[in-house]
Amino acid sequence: MPVDFFTKESTMSEEVIVRFPPSPTGYLHIGGARTAIYNWLFAKKHGGKMILRIEDTDAERSTEESIQGILDGLAWLGITFDQGPYFQTEFTSQHMAAAEKLLATNHAYKCFCTKEDLEAKRETAATDKGDYKYNQACRNLSPEQVAAKEKAGLPYVIRFKVPDQQDTVRFEDKVYGRIERAYVDIEDFVIVRSNGKPLYLLCNVVDDIRDRITHVIRGQDGLANTPRQILIYEALGAKIPVFAHMPLTLDLNKAKISKRSHGEIVAVHFYREHGFLPWALINFLVLLGWSSGDDREIFSQEELIQAFSFEGVNRSNSIFNYRKGDPKFFTDPKAININAHYLRSMPIAEIAALIKDDFAAEGIWNPLYESTQREWFLQTLDLIRSRFHTLQDFARQGRAYFADDFPIEERALEKNLNKTPELKSWLPLLAARFAALPDFSRENTETAARQLAEELSVKPGTLINGARTVITGQLAGPSMFEVFEVIGKERVVTRLEQVGRFFGGADL
RNA sequence: GUCCCCAUCGUCUAGUCAGGUCCAGGACACCGGCCUUUCACGCCGGCAACACCGGUUCAAAUCCGGUUGGGGACGCCA
C-alpha cells in the first residue's frame, strides 16, 4: 500500500470538500442533522462537494438498521451528498499504513502497558482528585527492549509521540477564533488498539486527508480533539484543513441532547412522523446557533444557501426548548411555529401531495381528489390550513370536511348546543331554509341564517355556532358560511337535520 | 482534578472584532386590543435581558483583569 498520498498536496486547492461522518450507533438525531445541514449549506454556497462517510469502526455498536436510519433521515431532509456513503472500515489498510508510517518516522511508538494497569492508575488519580496522564513509560524503550517484549508475545498499542516542546499547538477556528493548547497538556494518545484495530483519531484524519477534505465542520465537542488531530496531520506531512466548530444543542437542563435521555423527541424521524415539513425542520435547526445578521428567520433553500456563513454562527451553546409533557407544545414552540408558517404559506398543491398517504391511512382518501374533485379538495385544504400546525392536522382536525363520521368535541357540545336546547328545533328549520336555496353560496346562506335568527329573536351566533358543532364537531374553525359552501348543501342539510342525535338520541 | 470554550429577554438571537446613533433591536412563547359567528391568520400594543466585581475611557453590552455560573474534552468510544 503506497503511502505517499498522505503528502500529496491538493492540486485543486480552491475546491471546497466537506464531509458528514456519523457513527451508526443510533438514529439520526437533530444535533447530527444540524451538523449535516451546516456542512451541506457551506458546500452548496461554495459550489463544493459533500461526502457522507459512515464511521463504523466501532463494530460492536454499529448496526445496519442504524445506517439505514441515518440514510433515510438525510434523504427525508433533502440533505444530499456528492460522494459516498463510504464506510470507514473499508479503509483499515490505509489507517494501518499511516500508523506504520508514523512508527517508521518516529512519530509513534509501541506501548506495552496493560489496559488493567492503566485503568488502575486512572482510578487512583480520580479518587485523589489528581490529574491523570499517561506516564510515557514505553516512550523511550530501546529497539532491543521493544524487540524483546514483542518476542515474548506481549500485546501492545501504538501511541502517538507528542513532540516534547514548551510551545503550543494553535489553529484558527472559523467560529471560535484562535485556539491554543500546550504540547505538555496533550498526552501520548493511542492510535492503534492492541488487537491491531486503528482508533477514531487516526482514522478520521487519514480519511479526511484521502478524501481531500478542505473544511472540517463539526460539533464543538470535537474542539478538544483538534490539537491532537493537527499533530497527526503534521506528522503525516499533510495539509491541515480549515476547522469550524459549531456550538452544541443542549436541553433545558443544559445537558447535551441524546437518544438515551431524550428519546424520540430528538430523532429526525420523530418529526417526519409528526407531520413536519422537512424544510421547516431545517429552517428551525439552522436557527439554533446561527443567524443571518438581519432580522430574517424564514428562508427558502436558495436564500439560506446564500445567507449562510460561519460569521453568523454563535459561539455559545443553544437550548432546545422542549418541556416534557407540555400539553400545548409537543416540541420546541419555535419549531412548531415555523412548521405552521410554511403550512399556511406554501402552495396548497404541495400540501395536497404530502397528505395523501395520511388521508389514506385515516380512511378518508378519495381518488377523485386528484381528478374531478381536485379543485374542491385544494380549496378545502386552503380554507382550514391557517390554524394547523402539522400535516397530520389536515386528516385529524379536518376530518369532518372529508368524512361523515367525525368526533364531536365535548366543549363544543356544551357551549354551542346544550346551553341552548331550542337548537334542537331551530337547526332543522335552518336546514329547511338552506334546502330551499337555489344557489348555495356563502352570501345566500348568510342571508338565510341571519334572517332566521332575526325571526327567532336570537343572536345569529347562536345559530351559526350551533350549526358549526353539528356540522364540524368543533368549537372553532373557519367562517361558517365558507364551511357551508365547501361541505355542500346536501351534507350540510343532512347534518343540521340530525341535530337530535346530540340531545339524548332518538326522541326527535 | 487538568486543559479548552462560552456568558444579552423564559427560549432562539441582533448588537461585541472597528466603544458613543442601545435607559439594548427582532422572532417564538405569554398578556391585552382590533377584526369577527367561533378559533386561527393578520394587524396594533404590552411584559421581559447586557451574570457579578473591578479597571481603562469624556463615554463600555462592546476593551482589559478577576469572580461566579455553564458546557466540552481528558477511553485500547466515535
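Since the structure is predicted, the reported quantities are computational estimates derived from the model, not experimental observations. So you know, we letter chains A, B, ... as the sequences are listed, proteins then strands, and number each from 1.
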List the protein contact pattern of nucleotides 71-78 of chain B with one symbol per nucleotide (5' to 3'): B for base contact, S for sugar-phosphate-only contact, - for none; contact means a heavy-atom distance under 4.0 Å. SSS-SBBB

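- Computed from coordinates, the D173(A) CG to C6(B) C1' distance equals 13 Å when rounded to whole Å.
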Test ring-ring contact (aromatic ring centres under 6.0 Å, His included) on W290(A) and F299(A) and set out the steps. CA-CA 13 Å; W290(A) 172 86; F299(A) 298 86; 5.7 Å; yes

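- Remark: P of C28(B) and CG of N283(A) are 13 Å apart, rounded to the nearest angstrom.
- As rounded to whole Å, 16 Å separates atom C1' of C39(B) from atom CD1 of I471(A).
- Comparing C12(B) with A29(B), their P atoms are spaced 15 Å from each other, to the whole Å.
- Taking a pair to require two hydrogen-bonding distances under 3.5 Å in either a Watson-Crick or a G-U wobble arrangement, U67(B) pairs with A51(B).
- Nucleic acid contact for G293(A): sugar-phosphate only, since backbone atoms but no base atoms lie under 4.0 Å from a heavy atom of the residue.
- Panel note: side chain Y134(A), backbone F189(A); no donor-acceptor pair is recorded below 3.5 Å.
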Stepwise, does the salt bridge (Lys or Arg N to Asp or Glu O under 4.0 Å) test hold for K161(A) with D188(A)? CA-CA 5 Å; K161(A) 187 183 273 183; D188(A) 288 347; over 6 Å; no

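- When heavy atoms are screened at a 4.0 angstrom cut-off, F329(A) is found touching the sugar-phosphate backbone but no base atom.
- If you find the closest nucleotide of RNA chain B to K334(A) and to N321(A), the one lying nearer the 5' end belongs to N321(A).
- When both pairing distances are held under 3.5 Å, U2(B) makes a Watson-Crick or G-U pair with A73(B).
- Side chain of K121(A) to main chain of K133(A): no donor-acceptor pair is present (N/O by atom type, distance under 3.5 Å, no hydrogens or angles).
- Contacts of T25(A) with the nucleic acid, taken as non-hydrogen atoms under 4.0 Å apart, are absent.
- Where E297(A) and R344(A) meet RNA chain B, the nucleotide closest to each residue was compared, and E297(A) sits on the side nearer the 5' end.
- Using modelled atom types, one finds a donor on one side chain and an acceptor on the other under 3.5 Å when comparing T226(A) with R218(A).
- Residue contacts shown for P460(A) are absent, as no nucleic acid heavy atom lies under 4.0 Å away.
- The closest side-chain donor-acceptor pair between D207(A) and H95(A) falls under 3.5 angstrom.
- With rounding to whole Å, L417(A) atom CG is found 17 Å from U38(B) atom P.
- One can place NE2 of H245(A) at 11 Å from C1' of C5(B), the figure rounded to the nearest angstrom.
- For residues 378-394 of chain A, proximity to RNA chain B is found at S386(A), R387(A), defined as any non-hydrogen atom under 4.0 angstrom from a strand atom.
- The side chain of R411(A) places no N or O atom within less than 4.0 Å of a non-bridging phosphate oxygen (OP1 or OP2) of C39(B).
- Here the shortest heavy-atom pairing between R193(A) and P198(A) reads NH1-O, 3.7 Å.
- Contact check on R53(A) versus E55(A) returns a salt bridge, with a Lys/Arg side-chain nitrogen under 4.0 Å from an Asp/Glu carboxylate oxygen.
- For the pair N416(A) CG and C39(B) C1', the interatomic distance rounds to 11 Å; values are reported in whole Å.
- Distance check on atom C1': A24(B) versus C50(B) gives 8 Å, rounded to whole Å.
- Phosphate proximity of C12(B) to S318(A): absent, as no side-chain N or O sits under 4.0 Å from OP1 or OP2.
- Aromatic rings of F81(A) and F20(A) (six-membered ring for Trp) have centroids beyond the 6.0 Å cut-off, not under it.
- Between Y322(A) atom OH and C28(B) atom P there is a gap of 23 Å when expressed in whole angstrom units.
- Residue Y176(A) has its side chain nearest to C6(B) when only U37(B), C6(B), A14(B) are considered.
- Among the atoms of the strands shown, none is found under 4.0 Å from any heavy atom of K133(A).
- Between the CG atom of L475(A) and the P atom of A40(B) there is a distance of 10 Å, given to the nearest Å.
- Taking the P atoms as reference points, G46(B) lies 10 Å from G26(B), given to the whole Å.
- Side chain of N339(A) to main chain of L277(A): a donor-acceptor pair is present (N/O by atom type, distance under 3.5 Å, no hydrogens or angles).
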Please lay out, stage by stage, how F406(A) and Y401(A) fare under the test ring-ring contact (aromatic ring centres under 6.0 Å, His included). CA-CA 9 Å; F406(A) 52 87; Y401(A) 294 83; 9.1 Å; no

